[in-house]
Amino acid sequence: VSDPADVDQTLAMLAREDYLAGRALATSVFLALKLRRPLLLEGEAGVGKTELAKVIARALGTSLIRLQCYEGLDIASAAYEWNVARQMLEIRIAEARGQASREQLLADLYSREMLIERPLLQALTQPRAPVLLIDELDRADEPFEAFLLEILSEWQLSVPELGTIRATHPPIVILTSNRTREIHDALKRRCLYAWVDYPDAERELEIVRRKAGGADDRLTRQIVAFVQRVRRLELFKAPGVAETIDWANALLALDTRVLDPRSVSDTLGVLLKYQEDIARLEDEAGTIFDEMRTSGTLECQVS
Amino acid sequence: MPGVVTGRIVSNIVHFARLLRAAGVPAGPDRVLAAVDALELVGFDRGDDVHAALATVMLAGREQQAVFDAIFDAFWRDPDLFHRLTFVLPSAPNGQSDTAQPGARSRRAEQAMFPQASRAQMKLRRRIEAELSFSGQERLQRADFEGMSAREFELASRLAESLALPLRPLRTRRLAPASAGRIDLRRTLRRMARAPDTIALPRSAPRRVPPPLVILIDISGSMDRYARVFLHFAYGLTQHCRRVHTLVFGTRLTNVTRCLRDRDPDSAMARTDALVQDWRGGTRIGSSIAAFNRLWARRLLAGNAALLLITDGLERDEASLLACEAERLARFARQFVWLNPLLRFDGFSPRAAGVRALLPHVGRMLPMHNLASLADLAQSLRSVTSHSGDCFRLRQNPGYPG
């Protein structure tokens with residue numbers, strides 16, 4: 001599988017894997033692949049940032065290496081770790097054999113075989129360029145960002161005891177952030193940037209059709225219209241596409257044929273995750289249904 | 001499509017980047033080069049592709065999008081006009097500011113720069129400026145800060161460096177060398193390799209770091225005499241510590257963090273003054289906290305941040321709203337400290353409805369008397385923290401992974 005040659009091919013490539021991107025996002029992906037620069041994706045939770053990385057890996061037929069960030073993520077769990085137990089064993093064996101040369105022993109102790117590879121190092125040593133997903137970078141702390149700079153700009157990693165390890169095939173890097181804090185400018189400067197927005201009604205409809213197959217067309221339309229309307233409320237956390245898909249599947253599992261206030265209130269916990277938001281929507285659900293009725297989204301409810 | 005980006009287009013990109021820089025988007029030469037590469041790949045068949053490609057390589061954040069779109073639209077309509085404009089637009093002083101300096105150019109200066117400018121040009125230019133700079137007309141009331149005096153500046157810096165704030169430190173998962181704790185095998189082995197005849201067992205323990213800090217300052221009429229002191233205090237902290245965010249509120253909520261990051265104290269205060277529109281107005285603590293909860297809490301209070309609320313608790317909204325929002329806020333913040341500069345009288349009791357609504361939800365209330373200057377604030381904070389174990393210096397050296 002080769003890289004796409006233009007934006008249209010990128011769109012088609014993603015669509016083949018059931019990922020319906022907007023044209024702007026597809027342009028960013030296309031450029032990231034062509035220019036071999038890391039792509040920083042920002043956006044609300046649940047708009048498909050992580051999914052995009054998985055889809056690119058699938059579409060290009062390459063492996064996905066994922067690094068989930070968290071506060072206090074360190075080199076030992078992100079990049080590499082010395083296999084100390086094996087090193088100790090090596091010393092014992094050398095002792096037992098009566099092997100003398102200290103230089104030789106040291107060289108053996110700090111060789112590549114003694115290194116346990118973690119995601120970042122793995123991404124540099126693959127026989128084919130993998131997709132490296134650095135997920136929720138905003139959860140890691142600033143020192144970790146500084147550490148990433150060398151890898152993302154030079155495609156290399158320095159191990160003090162061993163030297164520099166260069167990538168044979170630079171990975172395709174996707175970074176995601178939920179913007180719980182700002183990513184440092186030095187890192188942003190090395191990345192291409194794309195903001196992933198909620199999809200419009202038409203695209204969301206197509207996404208739900210693909211991801212929650214089995215719902216009939218009218219129900220799908222009602223679900224999407226309802227979610228799009230809910231996003232315009234001033235909520236704590238507006239539902240993302242992931243929530244729309246979950247909700248559609250939940251309604252299907254409950255054999256819902258038509259969206260009504262009852263089925264909505266039974267399944268709100270799938271769509272909204274804050275008690276305040278749920279209470280708010282229960283107040284407003286009637287109004288939304290009235291609006292949908294007058295605009296014709298709920299048509300042929302009685303038939 | 002190699003070779004489609006020729007000399008004239010390259011120079012247009014350069015001018016476009018200059019305009020972005022003038023508007024505070026730090027699009028440096030590296031971005032220009034990337035833009036040339038990107039346009040080579042995308043081509044010029046579709047306007048939206050060109051737009052998306054340039055945005056991808058030149059932007060570094062969502063907040064820059066609006067400025068970018070405005071400039072892009074106008075630029076593509078008439079690049080020649082912009083060609084000329086780039087020579088008169090002043091470039092941003094340091095490329096750091098997100099928005100152009102407020103009110104820096106007067107109408108007279110504008111006429112001086114455009115002696116024969118046509119009406120259309122002036123109109124366009126004004127539209128751009130309006131979108132790039134803070135609004136001048138909407139300003140409700142100004143604070144009239146005369147900036148910081150040299151002594152105040154020095155004191156604010158000293159305070160931020162030395163002052164212990166009543167905040168608990170965070171215990172991180174990252175380890176640092178320590179005298180007691182887990183044995184660090186990697187360092188043990190390295191030391192043995194250096195000196196094989198000795199066995200020392202270096203140890204490591206979780207590092208403790210100051211928590212990120214969010215400061216909410218009430219700047220309503222009743223807080224008038226303290227606002228300046230607290231803003232200076234916040235400025236000192238912002239300059240010296242990483243991860244400090246400041247928001248002010250009276251009847252509306254404004255995030256002034258970026259203004260306070262300005263290295264020059266006078267300019268920082270002037271920018272804050274210009275950005276905030278409700279100095280000395282009424283107090284709507286409840287709805288301001290509601291706005292904070294909805295817009296900022298999840299972003300700023302992630303990572304176990306501590307919250308410092310500075311208000312006298314005199315509320316004009318319904319107290320029930322305040323109680324409800326304060327409860328929600330307390331759930332977001334790991335630590336919730338309320339700094340209360342009491343209104344002149346010393347014998348304080350929580351009688352005001354707003355105070356009673358807030359009190360059950362804060363972790364700690366620190367009352368302070370007679371604040372007139374930074375020195376007073378330092379004195380008060382010291383007396384509060386001296387008989388309390390839970391305090392921590394905010395300034396610390398940044399650590400590195402490993």
Side-chain angles (χ1 to χ4, degrees), chain A residues 6-7 22-28 30-32 34-35 37 39-40 42-43 70-76 78-79 81-82 84-85 87-88 91 102 105-106 109-110 138-139 141-144 146-147 160-161 178-183 185 188-195 234-237 276, chain B residues 1 26 28 30-31 34 37-38 40-43 45-46 48-53 55-62 64-65 96 170-175 185-186 188-190 192-193 196 206-207 209 212 242-243 245 293-294 297-305 324 328 398-402:
Chain A
D6 57 35
V7 180
R23 197 174 171 93
L25 181 59
T27 308
S28 304
F30 168 66
L31 288 175
K34 279 289 177 191
L35 301 173
R37 294 265 291 263
L39 178 61
L40 170 63
E42 285 192 333
Y70 53 85
E71 171 87 42
L73 178 66
D74 58 1
I75 289 184
E81 193 171 12
W82 285 107
V84 179
Q87 286 174 318
M88 299 269 189
I91 297 175
R102 206 177 135 212
L105 181 60
L106 270 184
L109 284 187
Y110 289 109
D138 49 336
R139 285 173 176 242
D141 43 15
E142 285 101 353
F144 179 69
F147 174 72
E161 295 92 338
N178 288 330
R179 293 219 305 171
T180 58
R181 68 178 177 80
E182 289 298 330
I183 306 300
D185 285 345
K188 279 188 167 177
R189 211 171 56 75
R190 285 164 175 82
C191 299
L192 303 180
Y193 176 85
W195 172 261
E234 287 193 343
L235 295 176
F236 251 4
K237 171 69 189 83
E276 290 88 347
Chain B
M1 254 171 282
D30 56 333
R31 302 267 170 158
D37 288 346
E40 287 270 357
L41 288 165
V42 169
D45 300 339
R46 295 181 54 143
D48 53 347
D49 281 3
V50 172
H51 179 269
T56 299
V57 294
M58 290 198 158
L59 294 189
R62 167 84 161 154
Q64 299 165 351
Q65 187 79 50
Q96 297 278 324
L170 288 183
R171 190 167 169 273
T172 65
R173 290 197 46 183
R174 184 165 292 160
L175 302 174
L185 285 175
R186 180 176 177 180
T188 303
L189 207 71
R190 237 180 1 199
M192 280 167 64
R207 243 156 46 87
V209 297
R242 302 179 307 155
R243 301 206 285 174
H245 291 266
N293 279 339
R294 202 163 49 75
R298 270 175 307 131
R299 283 183 65 189
L300 299 183
L301 293 179
N304 294 325
C324 169
R328 198 172 292 175
Y400 294 96

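We use all heavy atoms of the structure for the numbers below, so side chains are in, but hydrogens, waters and symmetry mates are not. Chain letters run A, B, ... following the sequence lines, proteins first and then strands; every chain starts at 1.
Taking 4.5 Å as the limit, some side-chain heavy atom of B:L175 sits within range of a side-chain heavy atom of B:P206. Contact of the A:Q87 side chain with the A:I91 side chain is not registered, since no non-hydrogen atoms from C-beta on lie closer than 4.5 Å.
Of the two parts of A:R189, the backbone and the side chain both hold a non-hydrogen atom closer than 4.5 Å to a non-hydrogen atom of chain B. For B:L301, no part lies under 4.5 angstrom from a heavy atom of chain A. Only the side chain of B:R328 has a heavy atom closer than 4.5 Å to any heavy atom of chain A. Proximity to chain B (any heavy atom under 4.5 Å) is restricted, for A:L235, to the backbone atoms N, CA, C and O. With a threshold of 4.5 angstrom between heavy atoms, A:D138 does not approach chain B through any atom at all. With a threshold of 4.5 angstrom between heavy atoms, A:L192 approaches chain B through its backbone and through its side chain. Using a 4.5 Å cut-off between heavy atoms, A:E182 touches chain B through its side chain atoms alone.
Between chain A and the options B:Q65, B:M58, B:H51, B:R190, the largest number of non-hydrogen pairs under 4.5 Å is found for B:R190. Contacts with chain A were tallied for B:D30, B:N293, B:D37, B:D49; B:D49 has the most, counting heavy-atom pairs under 4.5 Å. For the options A:D6, A:L25, A:D141, heavy-atom pairs under 4.5 Å to chain B are most numerous at A:D141. When B:A52, B:A193, B:G61 are compared by the number of non-hydrogen pairs under 4.5 Å with chain A, B:G61 comes out ahead. Taking B:L59, B:D48, B:L189 one by one and counting their heavy-atom pairs under 4.5 Å with chain A, the maximum is reached by B:L189.
The shortest heavy-atom contact between A:L39 and A:S28 is CD1-CB, 4.1 Å. Residues B:A34 and A:R37 approach most closely at CB-NH1, 3.7 Å, considering heavy atoms. Closest approach of A:V7 to A:F30, counting heavy atoms only: CG2-CD2, 3.9 Å. Nearest approach of A:W82 to A:L109, heavy atoms of both residues: CZ3-O, 4.1 Å. Between B:Q64 and B:P26, the shortest heavy-atom distance links the atoms NE2-CD, 3.8 Å.
To the nearest 0.5 Å, the span separating CZ on B:R299 from CZ on A:R179 amounts to 4.0 Å.
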